[in-house]
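Beneath this line is the structure, given in structure tokens, with notes to follow.
FYI, side chains are in, hydrogens and waters are out, and symmetry mates aren't considered; it's all heavy atoms of this structure. The shown structure was predicted, so the numbers you read here are calculated from the model rather than taken from an experiment. In this chain, numbering begins with 1 at the start of the sequence shown.
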Amino acid sequence: MQSGRDRAGSRWGALRGGRLLQDGAPGGPVLRLFVRLLRRPLLPAVRLWRRNIQLRVVAATLLISLAVVLALGFVVIAQVSKGLLDVKEEAAQSQAAGGFAVAQEKANAPASVDGPDAADNKVGLDASTWMNSLVKQLASGGQSAFEVVALGAGTGEQVMPGTQGVKGARASGNVDPAASVPIALRRAVNHSAGTFKTFSEIRYTAGAGEKTPEAALVVGKRLTDINGDPYDLYYLFPLTQEEESLNLIKVTIVTAGLFVVVLLCGIAWLVVRQVVTPVRMAAGIAERLSAGRLQERMKVTGEDDIARLGEAFNKMAQNLQLKIQQLEELSRMQRRFVSDVSHELRTPLTTVRMAADVIHDARVDFDPVTARSAELLAGQLDRFESLLADLLEISRFDAGAAALEAEPIDLRDVVRRVIDGAEPLAEHKGTRIRVLGDTQPVIAEADARRVERVLRNLVVNAVEHGEGRDVVVRLASAGGAVAVAVRDYGVGLKPGEATRVFNRFWRADPARARTTGGTGLGLSIAVEDARLHGGWLQAWGEPGGGSQFRLTLPRTADEPLRGSPIPLEPEDSRANRARAAADAAGSPADRQPADGGDRSPIPPRSPVAGALPVPADPTALPGNGARVVARPAEQAPQEDRTDADADADGDARGR
């Protein structure tokens, strides 16, 4: 029994916690299906509502005008109804007052009793007969404009035997007197002198057929009969005519209101159309201008504000076309200048190279100063040749003449060639280059020369700016994408620098020396190579925590990328380590000692590393976007930093 109660409690807790409506719960798929079925027909309407300003204006006009018409209709109907009732009350009271006066005069007139009636003293029978005659006489003057009811004194209670006065009720026109005269009105008439009125319904007896009850105004007063005994006389004025008049007024107001609402909506549609049509035309022309059709112009008619807007738009388009043409001409001149200069410099550079090689070979015969000058000349000529080659490559990208020679390649072979070429620099810097994820082939259709150039630039920059720490190269493939990430643990990148690191000739610290003789165009060319493949080159970094550059390429040429198999932010970043520490703190079994274990920032290489594909990064963005994580001051490790490292924090890589 206890286990049954526990299960019931857990089910109730799950229901209250909402787990039945989450993924993997029985209610989750049903709810999602219901929401999907509900949203599917509403999406076109929502899209139309958001994109069509004319529809929104007309709908707002419809709602506002409908609210105004309803308010005015209620006010008018209330005023008309009040006026009709006031007029009816005045006429009813006047007519009832005349009837009451006539009835009292007849009662006060002397009565004659003949024959045996006087001997038998049947005054009550004479009063009843007189009352019947009075009701008929009073009702006959109304011509169906009112009905007359006479009731005995009291509130309808049974009259005791021997009581004098009118016994029973008299009514004209088959009116049910007990049901038609409210009890409250009868009490008021019996307890006070004067005339009283109220609104009620005239109900008919079975002898009237299927006549339905009618709203009426009831006016009553206490009178005396021919014997001086009290009785109640009531006039019932039907409100049928007033109801018909009010219904006619309601129909008229509703018809007129609907007509006014439709008319206002039509006017709003026409007015908004006059304003929206030029705006839509301007939007279409702006889209065509953005597509490169700079000769498009708006058609201007008239001299109003819309015409002035069209003229201003046309002037803007004309000036924009002129500026773009000037910039295109300037860009063509610059590209031609760079290309011409690069080509023209090759001939004298070849001559200077030959002379420098001769001098460099004979430097053993020179004095130390001249020999050192020969070595510097040879080194700067190598850098000059690299810069010239980079300028020629940039000019090809700018001119759109770069061609992609894609073929299936294994990126592991490219990475090995790059690492072999960077080993001398890594040994000089005291850096170890490690490769992860190379246990399985990583095949992609790519240009091996361009991919190798990109990876060489990333690895060399990581070694140069890694401050002697290890560099990790990670390969992965998943779905239709392959990726190579280069991770270093050097000075890192400051906030905002990861988006500028791909600019041409950009350097975070111009005073920092280029030990490898870089030209400042390596990452710019790498970005263009990645774009030429239809891929991404992205950067991440945090001050003092190193950086990671990720190259993502489609597995098949011309296949769009949907994500990257390697996250842009590495798992050993400060943010990820803080989250992992917080998760571990919640579980004592997973908690590790703060000062124990390996302090190396590089994760150990698993024997099955790369055996399974890494899931694609859903937050990957196309282009060369990057993210920089600021370094909290309280998390900065102090025990493994030297003065040189502290001075290097103010520097970022200029690649």
Side-chain angles (χ1 to χ4, degrees), residues 337-396 414-433 448-450 452-471 486 488 490-491 504-526 642-645 647-648 651 653-655:
F337 174 77
V338 172
S339 179
D340 293 345
V341 169
S342 301
H343 283 86
E344 293 297 330
L345 287 178
R346 296 183 71 87
T347 301
L349 181 61
T350 303
T351 304
V352 174
R353 164 60 68 184
M354 294 174 60
D357 290 342
V358 173
I359 297 174
H360 186 268
D361 293 339
R363 70 183 183 280
V364 294
D365 300 332
F366 301 153
D367 58 276
V369 176
T370 306
R372 179 57 180 165
S373 300
E375 294 177 355
L376 293 176
L377 178 62
Q380 293 302 317
L381 281 176
D382 293 338
R383 184 176 178 183
F384 188 35
E385 286 182 343
S386 300
L387 177 61
L388 187 59
D390 291 343
L391 288 175
L392 286 173
E393 190 67 23
I394 287 291
S395 65
R396 293 190 189 97
V414 180
V415 170
R416 292 191 188 99
R417 292 197 298 268
V418 170
I419 293 177
D420 291 341
E423 279 296 338
L425 178 62
E427 294 178 358
H428 176 71
K429 290 284 188 176
T431 300
R432 180 180 57 165
I433 303 177
R449 180 181 63 87
R450 296 182 182 276
E452 183 176 352
R453 179 168 59 189
V454 173
L455 296 180
R456 182 184 302 112
N457 186 276
L458 298 181
V459 172
V460 169
N461 285 340
V463 172
E464 181 181 1
H465 299 276
E467 303 297 328
R469 298 183 177 90
D470 292 350
V471 172
V486 180
D488 67 78
V491 295
R504 299 177 184 179
F505 300 107
W506 182 85
R507 297 177 67 180
D509 186 4
R512 186 177 176 89
R514 296 186 186 272
T515 58
T516 58
T519 62
L521 295 174
L523 286 180
S524 300
I525 297 175
T642 62
D643 294 338
D645 293 334
D647 295 336
D651 187 19
R653 55 192 61 189
R655 307 171 190 241

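Of all the heavy atoms in Val491 and Glu467, the pair that sits closest is CG1-OE2, 3.5 Å. Of all heavy-atom pairs between His360 and Ala378, the closest is CD2-CB, 3.7 Å. The two atoms that bring Gly490 and Arg469 nearest to each other are CA-NH1, 4.2 Å, heavy atoms only. In terms of heavy-atom proximity, Ile359 sits nearest to Ala374 at CG2-CB, 3.8 Å. When all heavy atoms of Glu464 and Lys429 are compared, the closest pair comes out as O-NZ, 3.9 Å. Between Asp470 and Arg432, the closest heavy-atom pair is OD2-NH2, 2.6 Å.
Between Leu523 atom CG and Asn461 atom CG the span is 5.5 Å, to the nearest 0.5 Å.
Counting only residues at least two apart or in different chains, salt bridge (charged side-chain N to carboxylate O under 4.0 Å, His left out) contacts with residues 358-370 comprise Arg363-Glu375.
Contact check for Met354 versus Asp357: no side-chain heavy atoms found under the 4.5 Å cut-off.
A distance-only check finds no donor-acceptor pair linking the side chain of Asn457 to the backbone of Arg453 [under 3.5 Å].
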Show every donor-acceptor pair shorter than 3.5 Å between a side-chain atom in residues 419-427 and any protein atom, with sequence neighbours excluded, or say none if there are none.
none

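Annotation: side chain to side chain contact (heavy atoms under 4.5 Å, CB included) contacts of Leu377 (sequence neighbours excluded): Ala356, Leu381.
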